[in-house]
Undergrad: 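Handing you this structure, nothing more for now.
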Amino acid sequence: MRAQVAIIGAGPAGLLLGQLLYKAGIDAVILEQRSPDYVLGRIRAGVLEQGTVDVLDLAGVGDRLHANALPHDGFEIGANGRQHRIQLKELVGKVVTVYGQTEVTRDLMEARAACGAPSIYEAESVELHDITSACPSVTFVHNGEKRRLECDFMAGCDGYHGVSRRSIPADALSIFERVYPFGWLGVLADVPPAWDELIYADSDRGFALASMRSATRVRCYVQCSLTDKVEQWSDDRFWDEFKLRVGPEVAARMTTGPSIEKSIAPLRSFVAEPMRYGQLFLAGDAAHIVPPTGAKGLNLAASDVFYLYEALTGYYKGDSRAALDHYSGRALRRVWQAVRFSWWMTSLLHRFPGEDPFTSRVRVADLQYLFGSESAQRTLAENYVGLPL
Ligand code: RFL
Ligand code: PHB
């Protein structure tokens, strides 16, 4: 088997790259270790930057999004039970779009199936070979049979635990990492949201986030201990804790219901540099992870993919290899802005176990400054809606 580009991973990064390349007439094969249902069952991000929506439109998969997504002109930060609105549209003239990662993935999967481009799901034992040669290849086992995909380039879109980054020699990568001493417990439930906009709530009991997927479905999170297990959190315990953290006003208008998904995600910041080794280009979570507080993970995957798409189309149009050589530097500049912002939002809104009094006071001062200063709010808004691609 041969393709111009071998894409490892059919998450949002791999599927989006596949669709953009298809539209540009570049052939790609996607190899995914899981089944389509498994990929669609992962409940993750919910907030899209305008730049991400634009890239989805460029890929020709924006129709269902434009019909169903919820544009949000602002969001709330709750502190001590009081809400402070960050007026995104008024401050920076842009909005964000609430549309679940599951829906983005479904739209991309359907578009790929409709155009007949090849995806191989349940590809096991994926291995990358001759990465620094002009003829790299990927081997994998499918339906019990070992197969080889020869290619010009490989796109490592296989997430944090994938094989692509691990195929790069350790001495060719620099790793930057911060592990946070807590996780997020998330619940999805079919009840109408009691909030019009997302609420990021700071409370003495820890952080909570009130989000949504539609007019009839909520996604809610509470900061939890890293040792907590999902089984320790009954739905009742979750809602009781969530209400205490978002405050009595929101709690009083809330409807709760049985969870349809419940999971715990640890929080970490992680960057691997450079995002290229030989003919292998890393994109999305394969190269970097941010804590979800800034809603940047999926959006960074989309911006990486856009840069990689530009570099690959440039190369195949005969514009030399310069764009390929600039991919990593270009992507990392934007990645580090999102890493900084997500780290700052996380530090601002979470109680760190054993936090010393000095750090607590600085955090409270930072929040007070934000609530009192339009300049601070504009800076937050500019980052939240997404820096330009
Ligand atoms: P993904 O979505 O992890 O997709 C990678 C795909 O690669 C496959 N794969 C392999 N395929 C072949 N061979 C191998 N050896 C492979 N190893 C892995 C996997 O099965 C998978 O299908 O990465 P991608 O495409 O880069 O997309 C990134 C986003 O998914 C991610 O940034 C966000 O979801 C992060 N994230 C969140 N971001 C937000 O903006 N807001 C959120 O609320 C939010 N919540 C989350 C999250 C990430 C989570 N993770 C990673 C545990 C909640 C969780 C739980
Ligand atoms: C979500 O809806 O899942 C969501 C929204 C905003 C975030 C993180 C998660 O910052």
Undergrad: Going by salt bridge (charged side-chain N to carboxylate O under 4.0 Å, His left out), name the residues that satisfy it together with D27, two or more places apart in sequence or in a different chain.
TA: none

Undergrad: Measure up the W184 and Y221 rings against each other and bin them: parallel (under 30°), tilted (30 to 60°), perpendicular (over 60°).
TA: tilted

Undergrad: Relative to W343, does R340 satisfy both conditions: NZ or CZ under 6.0 angstrom from the six-membered ring centre, and within 45 degrees of the ring's axis?
TA: no

Undergrad: So, using side chain to side chain contact (heavy atoms under 4.5 Å, CB included) as the criterion, who are the partners of S137 when residues are at least two apart?
TA: H129, R148, E150

Undergrad: Quick test of your reading of the model: are E103 and R64 salt-bridged, counting only N-O distances below 4.0 Å?
TA: yes

Undergrad: Relative to each other, are the rings of F182 and H350 parallel, tilted or perpendicular (30° and 60° limits)?
TA: parallel

Undergrad: Name all residues meeting the side chain to side chain contact (heavy atoms under 4.5 Å, CB included) criterion together with P274; count only those two or more places apart in sequence or in a different chain, and write none if there are none.
TA: L173, S328

Undergrad: Indicate yes or no: does D158 engage R165 in a salt bridge with an N to O separation below 4.0 Å.
TA: no

Undergrad: Check side chain to side chain contact (heavy atoms under 4.5 Å, CB included) between V362 and all other residues, then give those that pass, not counting sequence neighbours.
TA: F358

Undergrad: Report the relative orientation of the aromatic rings in W195 and F242; use parallel for angles under 30°, tilted for 30 to 60°, perpendicular for over 60°.
TA: tilted

Undergrad: For R82, give me all partners under salt bridge (charged side-chain N to carboxylate O under 4.0 Å, His left out), at least two apart in sequence or on another chain.
TA: none

Undergrad: Do E49 and K94 sit within salt-bridge range, that is, some charged N less than 4.0 Å from a carboxylate O?
TA: no

Undergrad: Could you give all pairs that pass the salt bridge (charged side-chain N to carboxylate O under 4.0 Å, His left out) test and reach residues 197-206, with sequence neighbours left out?
TA: R85-E197, D202-R351, D202-R363, D204-R351, R205-E241

Undergrad: Does NZ or CZ of K23 lie under 6.0 Å from the centre of the six-membered ring of Y309, at an angle within 45° of the ring axis?
TA: no

